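Single-structure report; data block below.
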Amino acid sequence: MNLSLEASLSYRLLALLVLALFYGIYLTKQWRQKRRGIKTMQIGSRTDAQTRTVERLMSIATVGIVPAQLMSIGFGWSHLPAGARFTGFCVALLGDIIFLVSVLCMKDSWRAGIPDQDRTELVTDGIYAFSRNPAFWALTCSTSA
C-alpha cells in the first residue's frame with residue numbers, strides 16, 4: 001500500500017515529535033541534576049576494565065541509536081500501513097508518558113552507570129512498585145513510531 005507524500009510526511013512528523021519529547025525529557029532530567037551537582041552520566045567511569053568496556057559499548061550504542069532513528073524517519077524506511085503507523089505513534093506517546101513518570105518517580109536516584117561510592121536509595125514506590133525498569137520499557141515503546 002503506497003502512501004501519498006503528504007500522509008507519509010505527517011507520520012514522519014509524528015515520529016519526530018515522539019523522539020523529541022523522549023530525548024527532551026531525558027536531557028532536561030540530566031541538565032537539572034547537573035545544576036544540582038549530581039553527575040547523571042557515569043558510564044565508563046568504573047575501574048574494573050571489563051565493566052568499563054561493557055559500559056563504554058553501551059554508551060556507544062546509546063548515542064548511535066539517535067542517528068539511526070533520525071535516518072529511519074528521514075528516509076521513510078517504514079513500510080507499514082497507515083493504521084499501524086498511527087498505532088505505533090500512540091504506543092510511542094504512551095512510552096514517553098511512562099518515561100516521564102519513571103523519571104519523576106526516580107528523583108535524584110537517576111543515574112547511568114553507578115560507581116560504588118555514589119550509591120542511592122532503591123526506589124520502590126510510584127511506577128517502580130510495578131516494574132523495576134519502567135524507563136527501559138518506556139524506551140522500547142517510544143521507538144515504536
Side-chain angles (χ1 to χ4, degrees), residues 5-80 82-145:
L5 179 61
E6 294 82 16
S8 176
L9 184 60
S10 66
Y11 286 114
R12 289 179 185 178
L13 291 175
L14 290 175
L16 283 173
L17 171 75
V18 200
L19 283 178
L21 185 58
F22 180 85
Y23 289 113
I25 293 166
Y26 177 79
L27 293 173
T28 299
K29 178 66 173 185
Q30 195 172 30
W31 174 74
R32 290 187 74 198
Q33 282 190 305
K34 184 177 182 177
R35 284 184 59 204
R36 296 177 53 221
I38 300 169
K39 186 178 177 185
T40 304
M41 185 60 80
Q42 299 182 16
I43 291 179
S45 61
R46 299 289 293 256
T47 56
D48 170 27
Q50 184 177 4
T51 304
R52 188 174 56 244
T53 301
V54 169
E55 287 183 343
R56 286 185 178 162
L57 288 173
M58 287 173 42
S59 183
I60 291 168
T62 300
V63 172
I65 193 67
V66 178
Q69 290 170 321
L70 292 175
M71 285 178 16
S72 174
I73 294 168
F75 291 122
W77 289 339
S78 176
H79 299 288
L80 296 172
R85 287 183 183 196
F86 184 72
T87 301
F89 166 73
C90 291
V91 170
L93 193 57
L94 176 65
D96 284 350
I97 293 166
I98 292 168
F99 185 65
L100 177 61
V101 170
S102 67
V103 165
L104 293 173
C105 288
M106 185 62 87
K107 299 179 183 137
D108 287 339
S109 293
W110 188 269
R111 303 281 193 290
I114 303 173
D116 291 331
Q117 72 273 14
D118 196 14
R119 294 284 176 193
T120 58
E121 197 68 29
L122 181 65
V123 178
T124 59
D125 57 347
I127 197 168
Y128 289 90
F130 304 100
S131 171
R132 283 301 336 131
N133 294 304
F136 291 114
W137 187 74
L139 174 63
T140 302
C141 290
S142 292
T143 57
S144 301

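Model, not experiment: these values are computed from the prediction.
- In terms of the ring-ring contact (aromatic ring centres under 6.0 Å, His included) criterion, residue partners of F22 (sequence neighbours excluded) are, by chain and number, F99.
- Residues L94 and C141 fail the side-chain proximity criterion, which asks for heavy atoms closer than 4.5 Å.
- Contact detail for Y128 and P134: the closest heavy-atom pair is CE2-CD, 3.3 Å.
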Evaluate the side chain to side chain contact (heavy atoms under 4.5 Å, CB included) criterion for residues L122 and R132: first the C-alpha distance (whole Å), next the side-chain angles of each, then the deciding distance (0.1 Å), finally the verdict.
CA-CA 10 Å; L122 181 65; R132 283 301 336 131; 3.2 Å; yes

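- To the nearest 0.5 angstrom, I98 atom CD1 is 11.5 Å from C105 atom SG.
- Looking at residues two or more places apart in sequence or on another chain, you find a side chain to side chain contact (heavy atoms under 4.5 Å, CB included) between L27 and Q30.
- In terms of heavy-atom proximity, K107 sits nearest to Q33 at O-NE2, 3.7 Å.
- Of all the heavy atoms in D96 and S142, the pair that sits closest is OD1-OG, 2.8 Å.
- At a threshold of 4.5 Å between non-hydrogen side-chain atoms, the residues Y11 and L80 do not count as touching.
- Between the side chain of R85 and the backbone N or O of S78 there is at least one donor-acceptor pair closer than 3.5 Å.
- Residues satisfying the side chain to side chain contact (heavy atoms under 4.5 Å, CB included) criterion with R32, sequence neighbours excluded, are T28.
- With sequence neighbours left out, the side chain to side chain contact (heavy atoms under 4.5 Å, CB included) criterion links L100 to I25, L104.
- Nearest heavy atom pair, residue I127 against residue S102, reads CG2-CA, 3.8 Å.
- Judged as a side-chain hydrogen bond (donor to acceptor under 3.5 Å, both in side chains), and not counting sequence neighbours, R35 has no contacts.
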Report all side-chain donor-acceptor pairs from residues 65-75 shorter than 3.5 Å, counting only partners two or more places apart or in another chain.
unit_1: Q69; atom_1: OE1; unit_2: Y23; atom_2: OH; d: 2.7

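- In this structure the side chain of L93 reaches within 4.5 angstrom of the side chain of L21, judged on heavy atoms.
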